[in-house]
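To start, the structure under review is shown below, and the notes come after it.
On a predicted model such as this, the values are computed, not experimentally measured, just so you know. Counting from 1, the numbers follow the sequence of the chain as shown.
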Amino acid sequence: MRSSLARSDAPAAAAAVEVTLEDVARSAGVSQSTASRVLNGSARRVRPENEERVRAAAARLGYVVDLRAQATAGRRSNAVAVVVDSLRDETAMQTAAGIHGWADAHDSLVAVSACRLDGERAAELVRTLRGQRPRAIFVVTPRASTIDPGVRRELALYAAHGGLPAIVPAGASEGARATAVEGAPDGAEAAFGRGWRAAAQALGGADCPILSD
């Protein structure tokens, strides 16, 4: 797997070179398969000292995982995508923050996008996101009934290929505060707890609220 970033230990005037997984493995003094398990994710355990050496070598050389290559290989990234109606919707953003909080606490990366979910462009956005093969796609909206049918079709296709889609309500009608949700920060708003709970359900192995209203 290759990265187009320049080596961090190369002179600034030098031309950028591709840093490969093989480069990282050689620098860390481990096999390429061991480096791959550390950087690309694997169920097989790696000795802590080897993991530390691999991560240090990757940082020193400027290597980053190519998520597109992972997708081509049929593997999902550890990223989570969140789509909200508007960045100005405070309740939706608090819900997205709850999703981010749970995912971050469990070693997933989160990217948030904003798009009017009742328009055709939203379906294009979800199509693009599912092409990046994230671990899950959360659609946060106070008006699930108005989501464009194209968005639902894209989420259904994503689910059919093994993805975890969830439509998370961001309305103000949910009464319980997030302090009732295990692990959520004390004093968090109800919307934050709703997002935290949705992420725990989808990513934590419980029943996922797929395409729910």
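Between E22 and R26 there is a salt bridge, with a side-chain nitrogen of the basic residue lying less than 4.0 Å from a carboxylate oxygen of the acidic one.
Closest heavy-atom contact between A123 and V151: N-CG2, 3.6 Å. A58 approaches V24 most closely through the heavy-atom pair N-CG1, 3.9 Å. Heavy-atom minimum distance, V84 versus M93: CG2-SD, 4.0 Å. Nearest approach of V30 to A35, heavy atoms of both residues: CG2-N, 4.2 Å. Considering every non-hydrogen atom in both A199 and W102, the closest pair reads CB-CB, 3.7 Å. Of all the heavy atoms in A170 and V140, the pair that sits closest is CB-CG1, 3.7 Å.
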Please report the C-alpha distance between D23 and Y63 in whole Å, then the side-chain angles of each, then the deciding distance to 0.1 Å, and finally whether the side-chain contact (heavy atoms from CB on, under 4.5 Å) criterion is met. CA-CA 9 Å; D23 294 330; Y63 176 85; over 6 Å; no
Starting from the C-alpha separation in whole Å, work towards a yes-or-no answer on side-chain contact (heavy atoms from CB on, under 4.5 Å) for I137 and L155. CA-CA 8 Å; I137 298 177; L155 291 177; 4.1 Å; yes
Please evaluate residues S113 and L125 with respect to the criterion side-chain contact (heavy atoms from CB on, under 4.5 Å), reporting the C-alpha separation (whole Å), side-chain torsions for both, the decisive distance (0.1 Å), and the verdict. CA-CA 9 Å; S113 303; L125 172 59; 3.9 Å; yes
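With a 4.5 Å cut-off on side-chain heavy atoms, P165 and V139 do not count as touching. The closest side-chain heavy-atom distance from P169 to T141 is not below 4.5 Å. Side-chain atoms of S27 and L61, non-hydrogen and from C-beta on, do get closer than 4.5 Å to each other. The side-chain heavy atoms of F138 and L203, taken from C-beta on, include a pair separated by under 4.5 Å. A 4.5 Å side-chain heavy-atom check between V54 and E51 finds every atom pair outside the cut-off.
L157 and I167 fall into different hydrophobic clusters, where Ile, Leu, Val, Met, Phe, Trp and Tyr are joined by side-chain heavy atoms under 4.5 Å apart, directly or via other members. A continuous path of hydrophobic side-chain contacts links V112 to V80 [ILVMFWY only; heavy atoms under 4.5 Å]. By the criterion of side-chain heavy atoms lying less than 4.5 angstrom apart, applied directly or through intervening Ile, Leu, Val, Met, Phe, Trp or Tyr residues, L39 is grouped together with V46 in one hydrophobic cluster.
Judged purely by atom type and a 3.5 angstrom limit, T95 uses its side chain to pair as donor or acceptor with the backbone of T91. Although no hydrogens or angles enter the test, the distance criterion places a donor-acceptor pair under 3.5 Å between the side chain of Y158 and the main chain of P134. Between the side chain of T146 and the main chain of R143, a donor-acceptor pair closer than 3.5 Å is present. For H100 (side chain) and A96 (main-chain N/O), no donor-acceptor pair under 3.5 Å exists by modelled atom type. R135 contributes no side-chain N or O that, together with a main-chain N or O of L164, makes up a donor-acceptor pair within less than 3.5 Å. Put simply, the side chain of R55 gets close to the backbone of V38: a donor and an acceptor are under 3.5 Å apart.
How far CZ of R53 is from CZ of R47: 7.5 Å, rounded to the nearest 0.5 Å. Rounded to the nearest 0.5 Å, atoms CD1 (I99) and OG (S108) are 12.0 Å apart. To the nearest 0.5 Å, the span separating CG on L117 from CG on D85 amounts to 4.0 Å. The structure places CG of L129 at 10.0 Å from CD of E154, a figure rounded to the nearest 0.5 Å.
Applying the salt bridge (Lys or Arg N to Asp or Glu O under 4.0 Å) rule to pairs touching residues 109-126 yields R116-D118, sequence neighbours excluded.
Side-chain contact, T34 with N50: no donor N or O sits under 3.5 Å from an acceptor N or O.
By the salt bridge (charged side-chain N to carboxylate O under 4.0 Å, His left out) test, R88 pairs with no residue at all, sequence neighbours left out.
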